[in-house]
Amino acid sequence: MLRAKNIWVVGGDPRQAALAALLADDGHSVHTYALDQGEGMKCEPSMRGVDRADCVVLPLPAMGADGKLNAPLAAKRHELKEVLDALRPGQLVCAGMVGKSLKKMAEERSLALRDYFAREELAVLNAIPVALAVW
């Protein structure tokens, strides 16, 4: 690894908890927020310090149907707007299934938003279990 990164994993389900564990195993400094019920997770009580992160990873999908952060493992509901407000302009944010609303919120805050679900590798690998589940 070239250089350990400061990464925040915010919200999500067991996939995000597993991601946080894998990133920590790779030697990165990993902070989690809104993953309170994730196995072995020690969550930050606030987003203090998130503005110093090299990357903030939001879940797949990033936004729930109610417009809030998709965080089924969180002890309480979190406004996605409040999460984004804690970030600094230009900060890298990776999220899955980014919709128009999230894109607009990121643009308003000058965040560097990347939709990892738009990557062909992920879409193809994700299609296999989805097809099996439907079948």
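Just so it is clear, the values below take in all heavy atoms, side chains as well, and ignore hydrogens, waters and symmetry mates.
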For Ala95 and Leu102 the tightest heavy-atom approach is CB-CD2, 4.2 Å
In this structure, CG of Asp85 is separated from CG of Asp51 (nearest 0.5 Å) by 12.5 Å
Interatomic spacing from NZ in Lys81 to CZ in Arg109 - rounded to 0.5 Å: 5.5 Å
Please report the closest heavy-atom contact between Leu80 and Gly67, naming both atoms and the distance. CB-O, 4.0 Å
From Ser29 atom OG to Asn6 atom CG, the distance as rounded to the nearest 0.5 Å: 4.5 Å
Cys94 and Cys55: which non-hydrogen atoms are nearest, and at how many Å? SG-SG, 3.7 Å
Out of curiosity, Lys68 NZ to Glu82 CD, how far, rounded to the nearest 0.5 Å? 8.0 Å
Please check: side-chain N/O of Asp26 versus main-chain N/O of His28, any donor-acceptor pairing under 3.5 Å? no
Do you know which two heavy atoms are closest between Leu69 and Ala34, and how far apart they sit? CD2-CB, 4.0 Å
Look at atom CZ of Arg77 and say whether more than 12 heavy atoms of other residues, nucleotides or ligands are closer to it than 6.0 Å. yes
For the side chain of Asp115 and the backbone of Met97, is there at least one donor-acceptor N/O pair under 3.5 Å apart? yes
Under the criterion salt bridge (charged side-chain N to carboxylate O under 4.0 Å, His left out), I'd like the reasoning laid out for Glu107 against Lys103: C-alpha separation, chi angles, the key distance, then a yes or no. CA-CA 6 Å; Glu107 286 173 7; Lys103 280 183 187 176; over 6 Å; no
Backbone N or O of Lys5 within a donor-acceptor pair of the Asp54 side chain at under 3.5 Å? no
On a heavy-atom basis, which atom in Tyr116 and which in Gln16 lie closest, and how many Å separate them? OH-NE2, 3.6 Å
Would Leu113 and Val50 show up in the same hydrophobic cluster when neighbours are defined by side-chain heavy atoms closer than 4.5 Å? yes
Inspect the surroundings of CZ in Arg52 and state if more than 12 heavy atoms from other residues, nucleotides or ligands are less than 6.0 Å away. no
How long is the gap from CG on Leu19 to CG on Leu60, to the nearest 0.5 Å? 11.5 Å
Smallest heavy-atom separation, Pro59 atom then Gly11 atom, equals CG-C, 4.0 Å
Can you tell me how far apart CE (Met47) and NE2 (His78) are? Round to the nearest 0.5 Å. 9.5 Å
